[in-house]
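Every chain is numbered from 1 and lettered A, B, ... according to where its sequence line falls, protein lines coming before strand lines.
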Amino acid sequence: MNYWLLKSEPSAFGYEDLERAPDRRTLWDGVRNYQARNILRDDITVGDLAFFYHSACKEPAIVGICRVTRTGIADPSAFDPASDYYDPASDGENPKWITIEVEAVSALRPIIKLKDMRQDSALKDMVLLNRSRLSVQPVSETEWHHIMAQTKAV
DNA sequence: GCCAACGTTGGC
DNA sequence: GCCAACGTTGGC
(Lines give C-alpha, C1' and ligand atoms only; values in the text may rest on other atoms or scores of the structure.)
Protein backbone atom coordinates (compact mmCIF):
# COMPACT_ATOMS: atom_id res chain seq x y z
CA MET A 1 0.00 0.00 0.00
CA ASN A 2 1.18 3.45 -0.92
CA TYR A 3 0.36 6.95 0.24
CA TRP A 4 -0.46 10.00 -1.87
CA LEU A 5 -1.51 13.61 -1.66
CA LEU A 6 -4.28 15.00 -3.87
CA LYS A 7 -4.72 18.73 -4.25
CA SER A 8 -8.01 20.45 -4.80
CA GLU A 9 -9.19 24.02 -4.61
CA PRO A 10 -11.93 24.13 -1.98
CA SER A 11 -13.76 26.81 -3.97
CA ALA A 12 -14.18 24.20 -6.72
CA PHE A 13 -14.32 20.93 -4.78
CA GLY A 14 -13.38 20.70 -1.10
CA TYR A 15 -13.18 17.77 1.28
CA GLU A 16 -16.69 18.55 2.52
CA ASP A 17 -17.94 18.13 -1.02
CA LEU A 18 -16.44 14.65 -1.10
CA GLU A 19 -18.18 13.71 2.15
CA ARG A 20 -21.50 14.89 0.72
CA ALA A 21 -21.06 13.18 -2.65
CA PRO A 22 -23.08 10.03 -3.47
CA ASP A 23 -21.39 7.10 -1.65
CA ARG A 24 -18.85 9.70 -0.45
CA ARG A 25 -17.06 9.07 -3.74
CA THR A 26 -15.91 11.10 -6.70
CA LEU A 27 -13.97 10.75 -9.92
CA TRP A 28 -10.68 12.63 -9.66
CA ASP A 29 -11.13 14.11 -13.13
CA GLY A 30 -9.62 17.10 -14.84
CA VAL A 31 -5.93 16.41 -14.16
CA ARG A 32 -4.08 17.74 -17.20
CA ASN A 33 -0.47 17.47 -16.18
CA TYR A 34 1.54 14.56 -17.54
CA GLN A 35 3.47 13.77 -14.42
CA ALA A 36 0.32 13.76 -12.32
CA ARG A 37 -1.45 11.67 -14.98
CA ASN A 38 1.37 9.14 -14.99
CA ILE A 39 1.07 8.74 -11.23
CA LEU A 40 -2.70 8.29 -11.52
CA ARG A 41 -2.29 5.78 -14.35
CA ASP A 42 0.79 3.83 -13.31
CA ASP A 43 1.41 4.11 -9.60
CA ILE A 44 -1.80 4.42 -7.62
CA THR A 45 -3.61 1.18 -6.76
CA VAL A 46 -7.01 0.39 -5.25
CA GLY A 47 -6.87 0.61 -1.47
CA ASP A 48 -4.13 3.25 -1.35
CA LEU A 49 -4.74 6.18 0.99
CA ALA A 50 -4.33 9.84 0.12
CA PHE A 51 -4.28 13.12 1.96
CA PHE A 52 -6.88 15.58 0.70
CA TYR A 53 -5.11 18.93 0.44
CA HIS A 54 -6.77 22.31 0.01
CA SER A 55 -4.76 24.58 -2.29
CA ALA A 56 -5.17 28.12 -3.61
CA CYS A 57 -7.17 29.18 -0.57
CA LYS A 58 -6.82 31.18 2.62
CA GLU A 59 -5.27 28.39 4.69
CA PRO A 60 -3.59 25.79 2.49
CA ALA A 61 -3.67 22.53 4.48
CA ILE A 62 -4.23 18.80 4.61
CA VAL A 63 -7.83 18.52 5.73
CA GLY A 64 -8.82 14.87 5.28
CA ILE A 65 -8.05 11.37 4.10
CA CYS A 66 -9.51 9.46 1.19
CA ARG A 67 -9.13 5.96 -0.17
CA VAL A 68 -8.70 4.88 -3.77
CA THR A 69 -11.68 2.79 -4.88
CA ARG A 70 -11.13 2.47 -8.64
CA THR A 71 -8.21 2.99 -11.02
CA GLY A 72 -7.57 3.04 -14.76
CA ILE A 73 -10.60 5.12 -15.67
CA ALA A 74 -10.52 7.11 -18.93
CA ASP A 75 -11.25 10.68 -17.81
CA PRO A 76 -14.74 11.39 -19.20
CA SER A 77 -14.26 15.17 -18.99
CA ALA A 78 -11.68 14.91 -21.78
CA PHE A 79 -14.44 13.66 -24.14
CA ASP A 80 -16.94 16.37 -23.23
CA PRO A 81 -16.80 19.46 -25.45
CA ALA A 82 -18.72 21.39 -22.80
CA SER A 83 -16.13 20.65 -20.12
CA ASP A 84 -13.32 23.02 -19.17
CA TYR A 85 -11.11 19.95 -19.40
CA TYR A 86 -12.16 18.91 -22.90
CA ASP A 87 -9.24 17.61 -24.93
CA PRO A 88 -9.99 16.70 -28.56
CA ALA A 89 -6.69 14.79 -28.63
CA SER A 90 -8.23 12.19 -26.31
CA ASP A 91 -10.71 9.70 -27.70
CA GLY A 92 -12.42 6.57 -26.47
CA GLU A 93 -10.14 4.30 -28.48
CA ASN A 94 -7.01 5.87 -27.12
CA PRO A 95 -7.76 7.92 -24.02
CA LYS A 96 -5.03 10.36 -23.15
CA TRP A 97 -6.12 11.22 -19.62
CA ILE A 98 -6.55 8.47 -17.06
CA THR A 99 -7.97 8.97 -13.60
CA ILE A 100 -9.13 7.27 -10.43
CA GLU A 101 -12.12 7.24 -8.10
CA VAL A 102 -11.69 8.10 -4.44
CA GLU A 103 -13.87 7.75 -1.36
CA ALA A 104 -13.89 9.97 1.73
CA VAL A 105 -12.43 8.20 4.76
CA SER A 106 -12.23 10.91 7.38
CA ALA A 107 -11.78 14.58 8.03
CA LEU A 108 -8.77 15.48 10.18
CA ARG A 109 -8.78 17.70 13.27
CA PRO A 110 -6.73 19.70 13.57
CA ILE A 111 -6.03 20.28 9.90
CA ILE A 112 -2.33 20.20 9.04
CA LYS A 113 -1.40 23.62 7.75
CA LEU A 114 1.16 24.16 5.03
CA LYS A 115 2.88 26.82 7.09
CA ASP A 116 3.37 24.35 9.95
CA MET A 117 4.61 21.63 7.63
CA ARG A 118 7.23 24.07 6.35
CA GLN A 119 8.55 24.45 9.88
CA ASP A 120 8.81 20.70 10.45
CA SER A 121 12.26 19.34 9.65
CA ALA A 122 10.88 15.79 9.51
CA LEU A 123 8.90 16.87 6.45
CA LYS A 124 11.61 18.80 4.64
CA ASP A 125 11.77 16.28 1.78
CA MET A 126 8.02 16.17 1.22
CA VAL A 127 7.15 16.65 -2.43
CA LEU A 128 4.57 19.22 -1.35
CA LEU A 129 7.32 21.43 0.03
CA ASN A 130 9.68 20.98 -2.90
CA ARG A 131 7.57 20.44 -6.01
CA SER A 132 4.55 22.27 -4.81
CA ARG A 133 2.78 22.56 -8.16
CA LEU A 134 2.37 18.83 -8.73
CA SER A 135 -1.30 18.12 -8.04
CA VAL A 136 -0.98 14.37 -7.48
CA GLN A 137 2.08 13.42 -5.53
CA PRO A 138 3.59 10.64 -3.43
CA VAL A 139 3.88 10.79 0.36
CA SER A 140 6.37 8.50 2.07
CA GLU A 141 5.18 6.10 4.75
CA THR A 142 7.32 7.97 7.28
CA GLU A 143 5.80 11.31 6.29
CA TRP A 144 2.30 9.85 6.42
CA HIS A 145 2.69 8.53 9.94
CA HIS A 146 4.50 11.64 11.11
CA ILE A 147 1.58 13.78 9.96
CA MET A 148 -1.08 11.39 11.29
CA ALA A 149 0.58 11.51 14.71
CA GLN A 150 -0.27 15.22 14.87
CA THR A 151 -3.97 14.94 14.17
CA LYS A 152 -7.05 12.79 14.56
CA ALA A 153 -9.58 11.30 12.22
CA VAL A 154 -13.00 12.70 13.09
C1' DG B 1 16.53 19.31 -29.79
C1' DC B 2 16.97 24.07 -28.14
C1' DC B 3 15.01 27.74 -26.07
C1' DA B 4 12.11 32.02 -26.00
C1' DA B 5 7.56 33.14 -25.29
C1' DC B 6 3.72 32.25 -23.03
C1' DG B 7 0.31 30.15 -19.79
C1' DT B 8 -0.84 28.19 -15.26
C1' DT B 9 -0.43 27.21 -10.41
C1' DG B 10 -0.66 28.53 -6.00
C1' DG B 11 1.48 30.82 -1.86
C1' DC B 12 1.60 35.11 -0.06
C1' DG C 1 -3.43 41.02 -7.19
C1' DC C 2 1.47 39.93 -7.53
C1' DC C 3 4.86 37.13 -9.01
C1' DA C 4 8.10 33.01 -8.73
C1' DA C 5 8.29 28.54 -10.30
C1' DC C 6 7.62 25.67 -13.71
C1' DG C 7 5.11 23.30 -17.55
C1' DT C 8 3.89 23.69 -22.55
C1' DT C 9 4.17 25.35 -27.22
C1' DG C 10 6.15 26.16 -31.41
C1' DG C 11 9.67 28.37 -34.51
C1' DC C 12 14.05 27.43 -35.97
A/Tyr34-A/Trp97 aromatic ring centre distance below 6.0 Å: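 Judged by ring-centre distance (under 6.0 Å), A/Tyr34 and A/Trp97 do meet the cut-off.
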Is the A/Trp28 ring parallel, tilted or perpendicular to the A/Phe13 ring (thresholds 30°, 60°)? perpendicular
Can we say A/Arg25 and A/Glu103 salt-bridge, meaning some charged N sits less than 4.0 Å from an Asp/Glu carboxylate O?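 Salt bridge present between A/Arg25 and A/Glu103.
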Checking A/Ser77 against A/Arg32: is there a side-chain donor and acceptor pair closer than 3.5 Å? yes
Judged by atom type as modelled, is there a donor-acceptor pair below 3.5 Å linking the side chain of [X] to the main-chain atoms of [Y]?
X        : Y        : value
A/Asn130 : A/Lys124 : yes
A/Ser8   : A/Gly14  : no
A/Asp75  : A/Gly30  : yes
A/Tyr15  : A/Ser106 : yes

Heavy atom of residues 27-40 of chain A under 4.0 Å from DNA chain C: which residues?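 Nucleic-acid contacts, sorted: A/Asn33, A/Tyr34.
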Using C1' atoms of five pairs at each end, report the bend of the helix from B/dG1-C/dC12 to B/dC12-C/dG1 rounded to 10 degrees. 10°
B/S/- along nucleotides 7-12 of chain B (protein heavy atoms under 4.0 Å) is BBBSSS
Provide the closest heavy-atom pair for A/Leu123 versus A/Leu129 in the form atom of the first, atom of the second, distance.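 Where A/Leu123 meets A/Leu129 most closely, the heavy atoms are O-CD1, 3.2 Å.
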Nearest heavy-atom contact between A/Ser90 and A/Pro95 is OG-CA, 3.5 Å
For the pair made of CZ in A/Arg131 and C1' in C/dC6, what is the distance, rounded to whole Å?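 Roughly 8 Å, once rounded to whole Å.
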